[in-house]
Trainee: 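Provided herewith is a single structure, encoded as structure tokens, for subsequent inquiry.
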Protein chains: 2
Amino acid sequence: MVQKQYRTKWKDSITEYLESHADQCFSAADIYAELKGKEASINLTTVYRNLEKLTESGKLMKYKAAGEDAYRYQYVEPYGNCQEHIHMQCRECGKLFHLECSFMKELTGHLLEHHGFMLEGQGSMLSGLCGMCKKNC
Amino acid sequence: MVQKQYRTKWKDSITEYLESHADQCFSAADIYAELKGKEASINLTTVYRNLEKLTESGKLMKYKAAGEDAYRYQYVEPYGNCQEHIHMQCRECGKLFHLECSFMKELTGHLLEHHGFMLEGQGSMLSGLCGMCKKNC
DNA sequence: TATAAAATTGCAAATAACTTGCAAATGCAA
DNA sequence: TTGCATTTGCAAGTTATTTGCAATTTTATA
Ligand SMILES: [Mn+2]
Ligand SMILES: [Mn+2]
Ligand SMILES: [Zn+2]
Ligand SMILES: [Zn+2]
């Protein structure tokens with residue numbers, strides 16, 4: 001059973017920070033660095049535990065970039081159920097993009113019909129360069 | 001500069017094992033378990049070092065399954081440059097499939113034209129259920 | 001508002017999967 | 001056969017993350 005969540009200073013701070021930077025992704029260490037300067041300093045364990053809870057509750061998406069060894073978290077609540085589409089991640093800036101368009105149906109259709117493969121959003125990640133980084137590279 | 005490789009007992013054993021199970025992927029620990037029973041017992045560090053070299057030389061592909069915390073290695077030499085296409089991994093049996101068909105062009109085309117995203121094979125992994133596991137599930 | 005159960009926190013210690021340093025052993029080109 | 005380059009084994013180091021536990025905070029309810 002999913003357990004109740006209490007509202008706390010740190011959960012609020014973390015949520016607020018990620019929500020106001022919803023187009024970027026951060027590691028636990030990033031967030032720790034950001035919030036440990038505050039009046040009362042946060043603890044790294046607390047960062048991990050809150051990120052885990054916020055992920056479970058669907059506010060964040062947790063994923064690991066190819067070649068990186070730390071998880072990154074991004075605020076994705078407005079994108080609803082991120083299980084129904086797949087994602088693209090920019091290997092340069094790390095940003096996450098949601099493949100929420102009609103092409104999803106073509107993709108799942110092709111994979112199923114020609115390869116017998118039933119695509120799932122969970123764990124599917126495309127890597128490459130986003131429009132911005134493509135220009136500046 | 002890429003350095004010369006000597007042929008050794010352990011490199012041969014690891015290659016042979018992975019090549020003869022080319023439709024499956026294994027973790028370093030799997031291979032260590034498999035080969036440590038042999039006459040002369042292998043060392044885990046040696047497993048890691050050889051897997052790394054075999055990957056660099058293009059014989060193996062190294063990837064991390066969604067949700068797993070250890071890398072897996074699969075013999076992919078016959079598939080040539082696995083940078084030019086993307087892969088599908090079965091979340092049930094772990095097998096890796098190569099998306100080597102004309103749909104790759106449609107996929108890269110769509111992503112570039114409609115999302116400004118330049119897809120790269122390196123690090124792109126689709127997750128789901130393969131035909132076999134779909135049936136048995 | 002007082003109370004108690006449940007959730008959260010901080011700190012230190014534990015994990016897990018690798019990686020590295022170094023001296024000894026092995027492979028190979030000449 | 002020799003000599004240099006690569007590989008190996010072992011112990012120790014890293015890094016990101018998790019866990020145990022006692023103290024603190026939150027929240028529901030009396
Ligand atoms: Mn999404
Ligand atoms: Mn391939
Ligand atoms: Zn980018
Ligand atoms: Zn399968």
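So you know, we letter chains A, B, ... as the sequences are listed, proteins then strands, and number each from 1.
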Trainee: Is the distance from OP1 or OP2 of D:dT7 to the nearest side-chain N or O of B:Lys11 less than 4.0 Å?
Mentor: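 For D:dT7, OP1 or OP2 has a side-chain N or O of B:Lys11 closer than 4.0 Å.
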
Trainee: For A:Ile42 and C:dT8, what is the distance between atoms CD1 and C1' respectively, to the nearest whole Å?
Mentor: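 To the nearest whole Å, that distance equals 12 Å.
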
Trainee: Is there side-chain contact between B:Cys130 and B:Lys95, with at least one heavy-atom pair below 4.5 Å?
Mentor: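 When only atoms from C-beta onward are counted, B:Lys95 and B:Cys130 do not touch, as no gap falls below 4.5 Å.
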
Trainee: Looking only at side-chain N and O atoms, does B:Tyr48 come under 4.0 Å of OP1 or OP2 in C:dT19?
Mentor: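 For C:dT19, OP1/OP2 do not have a side-chain N/O of B:Tyr48 under 4.0 Å.
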
Trainee: Within the structure shown, what part of the strands sits under 4.0 Å from B:Lys53 by heavy-atom distance: base, sugar-phosphate, or nothing?
Mentor: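 Since only primed, P, OP1 and OP2 atoms lie under 4.0 Å of B:Lys53, the category is sugar-phosphate.
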
Trainee: A:Asp69 has a side chain; which of D:dT15, C:dC11, C:dA17 sits nearest to it?
Mentor: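 Per side-chain heavy atoms of A:Asp69, the pick is D:dT15.
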
Trainee: Let me know the distance between CG of B:Leu35 and C1' of D:dT8, rounded to the nearest Å.
Mentor: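 Between C1' of D:dT8 and CG of B:Leu35: 15 Å.
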
Trainee: Classify the angle between the aromatic ring planes of A:His85 and A:His87 as parallel (below 30°), tilted (30 to 60°) or perpendicular (above 60°).
Mentor: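 Ring orientation of A:His85 relative to A:His87: perpendicular.
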
Trainee: Tell me, do A:Glu34 and A:Tyr17 make a side-chain contact under 4.5 Å, heavy atoms counted?
Mentor: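 Answer yes - side chains close enough.
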
Trainee: If each of A:Tyr6 and B:Glu52 is mapped to the nucleotide of DNA chain C with the nearest heavy atom, which maps nearer the 5' terminus, i.e. the 5' end?
Mentor: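 It is A:Tyr6, whose closest nucleotide lies nearer the 5' terminus.
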
Trainee: Parallel, tilted or perpendicular, judged at 30° and 60°: which one describes the rings of B:His98 and B:Tyr79?
Mentor: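 Ring orientation of B:His98 relative to B:Tyr79: parallel.
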
Trainee: Measuring from the side chain of B:Arg49 (C-beta onward, heavy atoms only), which nucleotide among C:dA5, C:dG21, D:dT7 has the closest atom?
Mentor: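 Closest nucleotide to the B:Arg49 side chain: C:dG21.
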
Trainee: Looking only at side-chain atoms of B:Asn43, point me to the closest of D:dC10, C:dA17, D:dA16.
Mentor: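 My answer, after comparing the listed nucleotides, is D:dC10.
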
Trainee: By the 4.0 Å heavy-atom rule, please label B:Thr8 as base, sugar-phosphate, or nothing.
Mentor: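 Sugar-phosphate: the residue B:Thr8, judged by heavy atoms under 4.0 Å, touches backbone atoms but no base.
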
Trainee: For B:Leu54 and D:dT7, give me the distance from atom CG to atom P, rounded to whole Å.
Mentor: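 Value for this atom pair: 10 Å.
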
Trainee: Output the single nucleotide from C:dC18, D:dT7, C:dT8 whose closest atom is nearest the side chain of B:Gln5.
Mentor: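 Taking heavy atoms from C-beta onward, the closest nucleotide is D:dT7.
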
Trainee: When you get a sec, tell me which of D:dG9, D:dT17, C:dT9 is the closest nucleotide to the side chain of A:Trp10?
Mentor: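 When the side chain of A:Trp10 is considered, C:dT9 is the closest of D:dG9, D:dT17, C:dT9.
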
Trainee: Measure from the side-chain heavy atoms of B:Lys4 and tell me the nearest of D:dT17, C:dA29, C:dG10.
Mentor: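 Of the options given, the side chain of B:Lys4 lies nearest C:dA29.
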
Trainee: Quick check for you: among C:dT19, C:dC28, C:dG10, whose closest atom lies nearest to any side-chain atom of B:Thr45?
Mentor: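 The answer is C:dT19.
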
Trainee: Please give, in whole Å, the distance from C:dC11 C1' to A:Lys36 NZ?
Mentor: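 That distance rounds to 16 Å.
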
Trainee: What verdict does the side-chain contact (heavy atoms from CB on, under 4.5 Å) test give for B:Ile86 and B:Leu107, after you've listed the backbone C-alpha separation in whole Å, the side-chain angles of each residue and the deciding distance to 0.1 Å?
Mentor: CA-CA 10 Å; B:Ile86 65 171; B:Leu107 177 59; 3.6 Å; yes

